[in-house]
Novice: 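Please read through the structure below; I'll follow up with questions.
As the structure is a computational prediction, the values presented were derived from the model and not from experiment. In what follows, chains carry the letters A, B, and so on, assigned in the order in which the sequence lines appear, proteins first and then strands, with residues in each chain numbered from 1.
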Number of protein chains: 2
Amino acid sequence: MYKTHNNGELRMAHVGQEVTLSGWVQTIRDKGFMMWIDLRDRFGITQLMFNEEVSDPALMETARQCGREFVIKATGKVIERSSKSDKIATGDVEIQVTSFEILNASKVPPFTIEDESDGGDEIRMKYRYLDMRRNPVREKIIFRSNMALEIRKHLIGQNFVEVETPCLIKSTPEGARDFVVPSRMNPGQFYALPQSPQTFKQILMVAGMEKYFQIVKCFRDEDLRADRQPEFTQIDCEMAFVTQDDILNTFESLTKHLFKSILDIDLPDFPRMFYDDAMKLYGSDKPDTRFGMEFVELTDVAKDKGFVVFDNAELIVGICAEGQVEKYSNKDIKKLTEWMQRPQIGAKGLIYVKCNADGSFKSSVDKFFDADALKNWAEKFGAKPGDIMFILAGEEEKTRKQLNELRLEMGERMGLRDPKVFKPMWVVDFPLLEWDEETNRFHAMHHPFTSPKKEQMESMLNGDHETMKGLRADAYDLVINGVEIGGGSIRIHDRALQEKNFKLLGFTPEEAEEQFGFLMGAFEYGAPPHGGIAFGFDRLCAVMNGVTSIRDFIAFPKNNQGRDTMIDAPSAIHDEQYEELYLKSTASEEVVS
Amino acid sequence: MYKTHNNGELRMAHVGQEVTLSGWVQTIRDKGFMMWIDLRDRFGITQLMFNEEVSDPALMETARQCGREFVIKATGKVIERSSKSDKIATGDVEIQVTSFEILNASKVPPFTIEDESDGGDEIRMKYRYLDMRRNPVREKIIFRSNMALEIRKHLIGQNFVEVETPCLIKSTPEGARDFVVPSRMNPGQFYALPQSPQTFKQILMVAGMEKYFQIVKCFRDEDLRADRQPEFTQIDCEMAFVTQDDILNTFESLTKHLFKSILDIDLPDFPRMFYDDAMKLYGSDKPDTRFGMEFVELTDVAKDKGFVVFDNAELIVGICAEGQVEKYSNKDIKKLTEWMQRPQIGAKGLIYVKCNADGSFKSSVDKFFDADALKNWAEKFGAKPGDIMFILAGEEEKTRKQLNELRLEMGERMGLRDPKVFKPMWVVDFPLLEWDEETNRFHAMHHPFTSPKKEQMESMLNGDHETMKGLRADAYDLVINGVEIGGGSIRIHDRALQEKNFKLLGFTPEEAEEQFGFLMGAFEYGAPPHGGIAFGFDRLCAVMNGVTSIRDFIAFPKNNQGRDTMIDAPSAIHDEQYEELYLKSTASEEVVS
C-alpha cells in the first residue's frame with residue numbers, strides 16, 4: 001500500500017487520522033530540530049513535518065538524504081498546522097511523520113519543476129518526463145483527456161457511433177505527402193498512413209452507419225511549423241441524410257457543450273458568414289471577430305484622382321484604428337510600414353490618414369487628396385478624431401491578404417485579442433474549385449469529394465470552364481478567434497458527378513479509378529446523401545486555452561525536424577529489415593553528394 | 001430535411017402524424033393496386049404503403065422503379081396497420097405515402113442484405129459497405145463503440161487520464177517485427193509504428209501522471225491468423241504507486257462494470273490462480289474454466305509397472321470425460337487418437353480406460369494393469385461408471401500441452417463451452433524469464449520491463465544462472481473462457497535492475513543504451529514504482545459476444561495476406577516517392593529470382 005490518500009486531498013476533517021502518502025519531494029526546509037518536506041503528486045502538495053522532539057532521529061536522518069524529485073513514501077498523523085497556508089488546498093494541515101521510506105532517488109533535474117521553468121524548449125522536450133511534472137503541462141494533458149471524453153459522451157448521446165478506421169491504407173498522391181509503410185508480405189508495395197479517414201467515413205455512410213465519428217490520429221509528411229505536427233488528432237465526423245444546416249447545428253451544439261462543460265462558458269449562437277463576405281470584410285476566410293476594424297473600400301472614391309499608386313490599383317482598401325493617433329509618431333508609422341514591407345507580407349507601402357483631435361487630417365497623401373476628400377474617407381470608415389486610417393492599394397487578392405495581416409497586428413497591439421474572449425463563427429459557401437494559373441488546372445478548395453450546391457450539379461456536369469469557376473459548395477469552416485478549428489462539406493454521392501470532379505482536378509479516368517475506384521463503386525450501391533466535418537483536436541484544445549501553440553497539448557510532440565528528441569527517433573534500421581522489406585537505402589550516397 | 005424520424009421509432013402513439021423517412025429499400029411487395037416497401041435505416045424498418053385508391057399514380061410509378069437497396073425519401077401519414085407484425089418494433093403502424101423521392105439508385109448487391117448472408121468472407125470484405133448494412137455486422141461495430149465509451153467513462157471516473165502516445169516512434173528489434181516508416185526529412189532513418197505504447201506509458205509514470213490509459217492502435221508485422229490483424233486495438237493502462245493487487249482490483253472492477261453495463265451480467269469475484277497451478281491443472285496458462293475436467297497425474301502409481309510407454313515417460317497424466325462411455329466406440333476412440341496424432345498436436349498415442357456401467361473397466365492397457373490398478377486410477381480421477389479416462393504419457397511440458405488440446409476438444413464435444421457462460425480468472429505469478437535451449441539465452445516471459453518479485457530483486461542482481469530460472473514476477477493475465485484478454489506486470493523502475501535484465505536477455509550494454517537509454521535515463525530522475533496492464537480490445541469484444549473471430553468487430557479488417565481488398569492496399573508507390581525517401585526497391589529482382 002503506497003497511498004491511503006493523494007496529496008491534494010487532506011483537510012481539517014482528516015485531523016487525527018493516520019495516513020500514508022507517496023510522491024515526489026518538491027522542497028525541503030531543514031531547521032535542524034524540525035524539518036518539512038513538501039510532497040507532490042498529480043493531485044497536489046502536502047506538507048510532511050519532522051520534529052526532533054517526537055520523531056525518531058533515524059527517520060530524520062533518512063529524510064535528510066532526500067533531494068528534489070526523490071520519490072518517497074511517508075506515514076503519519078494528520079495534524080493542524082500552526083501557521084496555515086492558503087497557497088495550497090491542503091494548507092490547513094500537515095503530516096507528523098512516523099514512518100518514512102525512500103522509494104527511489106533522483107539526480108538533480110536539468111530544470112526546476114515549477115510552473116515557470118528555467119528549461120528551454122529543447123531541453124524540456126528531451127526530458128519531457130520532467131517537464132510533464134510541471135502543473136501547466138500536466139494540466140493541458142488532463143484538459144485534453146477530459147475534452148475527448150466530453151466529445152464522445154455528447155456525440156454518442158446523439159446516436160453517433162465511434163468507428164475505428166484503419167491506419168494502414170493506400171497512398172494517394174492527391175493532397176499533402178503521405179507517410180508510407182513498406183509491406184513485407186507484399187513485396188514492392190506500400191501502405192500509407194491516413195491523412196484523414198475521408199474515404200472510409202464516406203464508405204461508412206454508404207454502409208448505413210448514418211452518424212459516424214472518431215477521435216483519430218492523422219498523418220501528413222509536410223514540412224513542419226510551430227502549429228503543425230507530422231501526426232495530429234482530428235475529431236472526425238460524417239452524417240447521412242443531412243443538409244449543411246443539420247451538420248452546422250450538430251457541431252455548433254457540440255462546441256457549445258464543450259465550452260460549457262469544460263470552461264463553464266455559455267456561447268451564443270454562432271454567426272454564419274459567407275466566404276465571399278469574410279474575404280471582403282477581413283481579407284481572410286478565418287477572421288478574428290473578437291474585434292471589428294472591418295475593411296473599408298475606397299476604390300470608387302480614391303482611384304483616378306491623380307495618385308499613381310491608387311490609379312494603378314485594382315483595389316484601394318483600409319482599416320480604421322480607433323484612438324491610435326497619439327500612439328503613432330511618424331517614426332512609429334515608418335516602422336509599421338517597414339513591418340508591412342517584410343517579404344512575409346510584401347506590401348509596397350502603407351498609406352495613413354491621421355484624424356487629429358481638432359478635426360484636421362494629416363496623411364501621407366496630402367499632396368493628392370484635400371481635406372474634403374479625406375473627410376469623405378473618414379465618413380466611410382466611421383473614423384472619429386483620434387483615429388488613424390491605414391490604407392493599402394494594389395492587386396485585389398494580395399492587398400486583402402496584406403491588410404488582413406495589418407488588421408491582426410493592430411488588433412494585437414491595441415489589446416483587442418483577449419485570450420479569455422471567444423468569438424466562434426461559421427464561414428460558409430466556399431468556392432468548389434480554385435483555378436491555378438501556374439499549373440493551368442483546378443484545385444479542390446476543400447477536397448475532391450466536396451459536392452457543388454444542389455442547384456449547380458447540372459451545370460457542373462455540363463457547364464463550360466467559366467461555369468466551373470463560379471461553382472459554390474456547401475462547404476464550411478468553424479473559426480474561433482481567427483483560428484480555423486475545422487471544416488467540412490456536403491459530399492458527392494453520385495458516380496458521374498465524382499468522375500466529373502476528378503476530371504476537372506486533372507485526374508485521368510484511369511488514375512481516378514485506380515485511386516478511388518472503390519469509393520465510386522460504392523456510390524453505385526445505394527449511397528445516401530451525406531456530409532461531414534473534422535475539427536483539429538489539438539488546435540481546439542489550444543484555442544480554448546487561449547494559446548497558439550498546440551505542442552503542450554500533445555504528450556510527446558516532435559520537433560521541427562520531425563524528431564522525437566527524447567527517444568531519438570527516427571533512427572537507422574538493420575540490414576535485415578531492409579532485406580525483409582525488399583528495400584535498399586540510397587541515403588548515404590545522395591546525402592553525401 | 002431528409003427525416004423527421006428514424007425507421008425504428010414510430011409506434012401507435014404517432015398515428016395521424018405526418019412524417020418524413022429516408023433509408024434503403026429492404027423489400028418491395030407489389031399487388032398492383034397496393035404496394036408496400038420495407039424501408040430500412042440503422043435504427044430499424046418501417047413499412048411504407050401505397051394504395052391506388054388514395055395515392056397519386058405517378059407516385060406508385062416512381063416507387064415501382066425502385067429495387068433493393070435504392071435510397072429513398074418518403075413523406076406520409078402514420079396509420080395503424082390492418083395486419084400488425086410483431087417481427088419489427090414498428091410493426092403496429094405503416095406510412096401512407098403522399099410524397100416519394102428516389103435519392104439514389106443501387107445496382108443489385110452481390111449478396112443479400114439479411115442477417116444470414118449468402119456472401120462468402122472474400123466478397124463480404126470487398127463489399128464491406130454492403131456487409132455492414134447487415135444487422136449482425138453493424139451491431140458488432142456499435143457494440144464496440146459503446147464498449148469504448150464505457151471503458152473511458154469508468155476509467156476517467158477513477159482518475160485515469162487518457163494520453164495519446166505517438167504513432168511514429170523508434171524501431172526496436174525486441175519482440176515482434178516492426179512496421180517501419182521511412183522519414184523523408186531524416187534520410188536513411190525510419191520511424192516504427194508502436195507494437196504497444198509500453199515505454200511511453202512507463203515514461204508517463206516517471207512524468208507523474210499516476211493513472212494513465214489509452215484505447216490505442218498497435219501494429220505488428222507478423223504472419224497473420226484468424227484472430228490476428230496487423231493493426232489491432234489495445235486498452236492500455238499504467239499506474240504508479242501500486243502493487244499487483246491494486247492493478248488486479250482496478251481492472252477486475254472495469255471488467256465487471258463492462259459486463260454489467262453492456263450485457264447486464266453480474267460477474268462474481270474473479271478467481272486468482274498461480275501460473276504453476278494453471279499449467280499443472282490445465283496444461284495451459286489460459287485455461288477455459290467453464291468446465292472442470294482437470295488434469296490428474298498418475299506418474300507415481302502407473303510408472304515402472306512394465307508398460308514401456310509409461311516407464312519411459314516423464315509424466316503420466318489424464319482427464320476424465322464424464323458419461324462418455326456410450327458415445328465412444330472403439331472406432332470413435334481410434335479417430336480421436338488420430339486427431340491427437342496430427343502434427344498440430346503431435347501425441348504419440350492415447351490411452352483410454354472405460355468405466356463400464358457394471359463397474360468393470362475396459363482399457364487399452366488391460367495387458368499391463370489389472371482391475372485393481374484401474375480402480376485405483378478411477379478413484380484418483382473421481383471417475384464413475386459411464387465415464388472414460390483419457391491418459392497421455394511422455395515428456396512433461398509437451399504432454400501437458402497435448403492434454404490441454406484434448407481437454408478443450410472434449411469440452412467442446414460435450415457442450416461444456418457455452419458461449420453464454422462467462423468464466424473470468426486471473427493467472428498470476430508468471431516466471432520472469434524463460435530459458436531457450438536452442439539459442440542458449442533467456443527470453444522475457446512477459447516483456448523486458450517486467451520486474452522480479454520484490455523479495456527476489458537482490459538475487460536477480462547477484463544470483464547465478466539457476467537462480468534466474470527460478471525468478472517469479474508480479475505478472476498476470478486476465479483469461480475469460482480460455483481466451484487471454486490481456487496481461488501486465490509490475491515494472492522495473494530502477495536502472496541497475498533494468499540493465500541486469502537486458503544483460504540476461506542478451507543485450508550488450510551498447511544495444512540496451514541505444515534502444516532504451518531514454519527509459520533507463522528517466523529511471524534516474526525519481527521513477528515511482530509502477531505497473532500496468534493491456535487488454536486486447538478486439539478480443540474482449542469478441543469474447544463478450546461468445547465468438548472467436550475478432551474480424552467483425554473491426555470495421556475494415558485486413559485479410560490473411562495483410563491486404564484490404566476493398567481499397568486494394570497495399571499498393572505500388574511512385575518513383576518520386578522512392579526518391580524523396582532515399583529508397584530503392586529490390587522487389588522485382590528478388591521476387592522474380
Novice: Can B:Leu204 and A:Met132 be said to form a side chain to side chain contact (heavy atoms under 4.5 Å, CB included), step by step?
Specialist: CA-CA 8 Å; B:Leu204 284 170; A:Met132 226 182 278; 3.6 Å; yes
Novice: Got a donor-acceptor contact below 3.5 angstrom from the B:Lys170 side chain to the A:Ile567 backbone?
Specialist: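 Indeed, once roles are kept as given, a pair shorter than 3.5 Å links the two residues.
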Novice: Minimum heavy-atom separation for A:His493 and B:Leu103, please, with both atom names.
Specialist: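 A:His493 and B:Leu103 have their closest heavy atoms at NE2-O, 3.9 Å.
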Novice: As an exercise: rank A:Met1, A:Lys558, A:Glu69, A:Gln577 by heavy-atom pairs under 4.5 Å with chain B and give me the winner.
Specialist: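 Of A:Met1, A:Lys558, A:Glu69, A:Gln577, A:Lys558 has the most heavy-atom pairs under 4.5 Å with chain B.
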Novice: How long is the straight-line distance from CZ of B:Arg128 back to CZ of A:Phe200, given to the nearest 0.5 Å?
Specialist: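 Interatomic distance, A:Phe200 CZ to B:Arg128 CZ, rounded to 0.5 Å: 11.5 Å.
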Novice: Checking heavy atoms, do the side chain of A:Lys107, its backbone, both or neither come under 4.5 Å from chain B?
Specialist: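 For A:Lys107, the contact with chain B is made by backbone and side chain together.
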Novice: With sequence neighbours excluded, tell me which residues meet side chain to side chain donor-acceptor pair (under 3.5 Å) with B:Glu139.
Specialist: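 Applying side chain to side chain donor-acceptor pair (under 3.5 Å) to B:Glu139 gives none.
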Novice: Considering only heavy atoms, which portion of B:Leu583 lies under 4.5 Å from any heavy atom of chain A: side chain, backbone, both, or neither?
Specialist: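 Answer is both: backbone and side chain atoms of B:Leu583 are under 4.5 Å from chain A.
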Novice: If you take the centroid of each ring, where Trp contributes its six-membered ring, are B:Phe190 and A:Tyr578 closer together than 6.0 Å?
Specialist: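 Yes, they do, as the ring centres are separated by less than 6.0 Å.
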Novice: When only pairs under 4.5 Å are counted, which of A:Val242, A:Ile113, A:Thr165, A:Val25 shares the most heavy-atom pairs with chain B?
Specialist: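 Ranked by heavy-atom pairs under 4.5 Å with chain B, first place is A:Val242.
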Novice: Under a 4.5 Å cutoff for heavy-atom pairs, which residue among B:Asp223, B:Thr243, B:Asp246 has the most contacts with chain A?
Specialist: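 Heavy-atom pairs under 4.5 Å are most numerous for B:Asp223.
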Novice: Rounded to the nearest 0.5 Å, what separates atom OG in B:Ser585 from atom OH in A:Tyr582?
Specialist: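 Reported to 0.5 Å precision, the distance equals 10.0 Å.
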Novice: Pick one of side chain, backbone, both or neither for A:Ser183, based on which atoms fall under 4.5 Å of a heavy atom in chain B.
Specialist: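 Side chain only.
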Novice: Name the region of A:Tyr525, side chain, backbone, both or neither, that has any atom closer than 4.5 Å to a heavy atom of chain B.
Specialist: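 For A:Tyr525, heavy atoms of backbone and side chain both lie under 4.5 Å from chain B.
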Novice: Heavy-atom distances under 4.5 Å only: say whether A:Glu514 touches chain B with side chain, backbone, both or neither.
Specialist: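 No part of A:Glu514 comes within 4.5 Å of chain B.
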Novice: Heavy-atom distance under 4.5 Å to chain A: side chain of B:Met566, backbone, both or neither?
Specialist: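 For B:Met566, backbone and side chain are both near chain A.
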Novice: Indicate yes or no: does B:Asp178 engage A:Arg184 in a salt bridge with an N to O separation below 4.0 Å.
Specialist: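 Salt bridge between B:Asp178 and A:Arg184, a charged N being under 4.0 Å from a carboxylate O: no.
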Novice: Between atom CG of A:Leu168 and atom CG of B:Asp564, what is the distance when rounded to the nearest 0.5 Å?
Specialist: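 A:Leu168 CG to B:Asp564 CG: 10.0 Å, rounded to 0.5 Å.
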Novice: Quick one: of B:Val163, B:Asp41, B:Val137, who has the most non-hydrogen atom pairs under 4.5 Å with chain A?
Specialist: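 With the most close heavy-atom pairs to chain A, the winner is B:Asp41.
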Novice: Can you name the side chain to side chain donor-acceptor pair (under 3.5 Å) partners of B:Tyr191, sequence neighbours left out?
Specialist: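 Here no residue qualifies.
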Novice: Under 4.5 Å from any heavy atom of chain B, what part of A:Ala148 do you find: side chain, backbone, both or neither?
Specialist: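 Contact with chain B: none, neither part.
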Novice: Checking B:Phe143 against chain A: side chain, backbone, both or neither under 4.5 Å from a heavy atom?
Specialist: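 The answer is neither part of B:Phe143.
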Novice: Picking from B:Pro529, B:Ala192, B:Ala572, which has the most non-hydrogen pairs under 4.5 angstrom with chain A?
Specialist: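 Answer, by heavy-atom pair count under 4.5 Å with chain A: B:Pro529.
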Novice: Below 4.5 Å from any heavy atom of chain B, which atoms of A:Phe553 appear? Answer side chain, backbone, both or neither.
Specialist: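 No part of A:Phe553 comes within 4.5 Å of chain B.
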Novice: Just by modelled atom types, is the B:Arg563 backbone N or O under 3.5 Å from a matching donor or acceptor in the A:Asn186 side chain?
Specialist: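 No, because the side chain of A:Asn186 does not come within donor-acceptor range (under 3.5 Å) of the backbone of B:Arg563.
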Novice: Within the distance-only criterion (no hydrogens, no angle test), does the side chain of B:Glu231 pair as donor or acceptor with the backbone N or O of A:Pro166 below 3.5 angstrom?
Specialist: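 Such a contact is absent between B:Glu231 side chain and A:Pro166 backbone.
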Novice: Taking atom CD1 of A:Ile156 and atom CD1 of B:Ile142, what is their separation to the nearest 0.5 Å?
Specialist: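 Interatomic distance, A:Ile156 CD1 to B:Ile142 CD1, rounded to 0.5 Å: 10.5 Å.
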Novice: Is there a donor-acceptor pair closer than 3.5 Å between any side-chain N or O of B:Arg133 and the backbone N or O of A:Val206?
Specialist: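 Yes: the side chain of B:Arg133 pairs with the backbone of A:Val206.
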Novice: Does B:Phe241 offer a backbone N or O that forms a donor-acceptor pair with the side chain of A:Ser22 under 3.5 Å?
Specialist: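 Pair absent, no side-chain N/O of A:Ser22 close to backbone of B:Phe241.
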Novice: Checking heavy atoms, do the side chain of A:Asp131, its backbone, both or neither come under 4.5 Å from chain B?
Specialist: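 Interface part for A:Asp131: neither.
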Novice: Below 4.5 Å from any heavy atom of chain B, which atoms of A:Glu222 appear? Answer side chain, backbone, both or neither.
Specialist: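 The answer is the backbone of A:Glu222.
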Novice: Which region of B:Lys126, side chain (C-beta onward) or backbone (N, CA, C, O), has a non-hydrogen atom less than 4.5 Å from a non-hydrogen atom of chain A, or is it both or neither?
Specialist: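 When you check distances to chain A, no heavy atom of B:Lys126 falls under 4.5 Å.
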Novice: Please round to the nearest 0.5 Å and tell me the distance separating atom CG of A:Leu155 and atom CG of B:Leu149.
Specialist: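 It comes to 10.5 Å.
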Novice: For the atom pair CG (B:Asp568) and CD (A:Gln189), what is the distance rounded to the nearest 0.5 Å?
Specialist: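 B:Asp568 atom CG to A:Gln189 atom CD measures 7.5 Å (nearest 0.5 Å).
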Novice: Between A:Leu581 and chain B, which part of the residue has a heavy atom less than 4.5 Å away: side chain, backbone, both or neither?
Specialist: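 Contact with chain B: side chain only.
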Novice: Between B:Leu519, B:Val108, B:Asn146, which has the largest tally of heavy atom pairs under 4.5 Å with chain A?
Specialist: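 That would be B:Val108.
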Novice: May I ask you to decide whether B:Glu210 forms a salt bridge with A:Lys3, counting only side-chain N to carboxylate O separations under 4.0 Å?
Specialist: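 Yes, this pair counts.
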Novice: So, A:Arg177 and B:Glu580, do they make that salt bridge, N to O below 4.0 Å?
Specialist: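 So A:Arg177 pairs with B:Glu580 through a salt bridge.
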Novice: Heavy-atom pairs under 4.5 Å with chain B - which of A:Ala105, A:Cys167, A:Pro528 has more of them than the others?
Specialist: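 Between A:Ala105, A:Cys167, A:Pro528, the count favours A:Cys167.
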Novice: Any side-chain to backbone donor/acceptor pair from A:Asn104 onto B:Gly526? Under 3.5 Å, distance only.
Specialist: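 Not at all, since once roles are kept as given, no pair shorter than 3.5 Å links the two residues.
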Novice: Less than 4.5 Å to any heavy atom of chain B: does that hold for the side chain of A:Ile554, its backbone, both, or neither?
Specialist: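 Contact with chain B is absent: no heavy atom of A:Ile554 under 4.5 Å.
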Novice: Do any N or O atoms from the side chain of A:Ser145 and from the backbone of B:Val161 form a donor-acceptor pair under 3.5 angstrom?
Specialist: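 No.
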Novice: Which one, A:Ala522, A:Pro557, A:Pro230, leads in non-hydrogen pairs under 4.5 Å with chain B?
Specialist: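 Highest number of pairs under 4.5 Å: A:Ala522.
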Novice: Counting heavy-atom pairs closer than 4.5 Å to chain B, which one of A:Gly23, A:Gly67, A:Gly521 comes out on top?
Specialist: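 When all of A:Gly23, A:Gly67, A:Gly521 are compared, A:Gly23 has the most.
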Novice: In terms of heavy-atom pairs under 4.5 Å, which option from B:Ser106, B:Ser171, B:Pro182 contacts chain A the most?
Specialist: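 Top option by heavy-atom pairs under 4.5 Å: B:Ser106.
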Novice: Considering only heavy atoms and a distance below 4.5 Å, find which of A:Gly562, A:Ala555, A:Ala527 pairs most often with chain B.
Specialist: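 Max contact count across the listed options: A:Ala527.
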Novice: In terms of heavy-atom pairs under 4.5 Å with chain A, which of B:Asn159, B:Ile72, B:Asn6 leads?
Specialist: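 Highest number of heavy-atom pairs under 4.5 Å: B:Asn159.
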Novice: Judged by atom type as modelled, is there a donor-acceptor pair below 3.5 Å linking the side chain of B:Arg42 to the main-chain atoms of A:Met209?
Specialist: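 Yes: the side chain of B:Arg42 pairs with the backbone of A:Met209.
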Novice: Is chain B contacted by the side chain of A:Ile141, its backbone, both, or neither, given a heavy-atom distance below 4.5 Å?
Specialist: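 Both parts, backbone and side chain.
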Novice: Are the charged groups of A:Arg144 and B:Glu164 less than 4.0 angstrom apart, N to O?
Specialist: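 Yes, A:Arg144 and B:Glu164 are salt-bridged.
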Novice: Ring pair (Phe, Tyr, Trp, His ring centres under 6.0 Å) between A:Phe523 and B:Tyr129: does it pass, once the steps are laid out?
Specialist: CA-CA 10 Å; A:Phe523 286 170; B:Tyr129 45 88; 9.4 Å; no
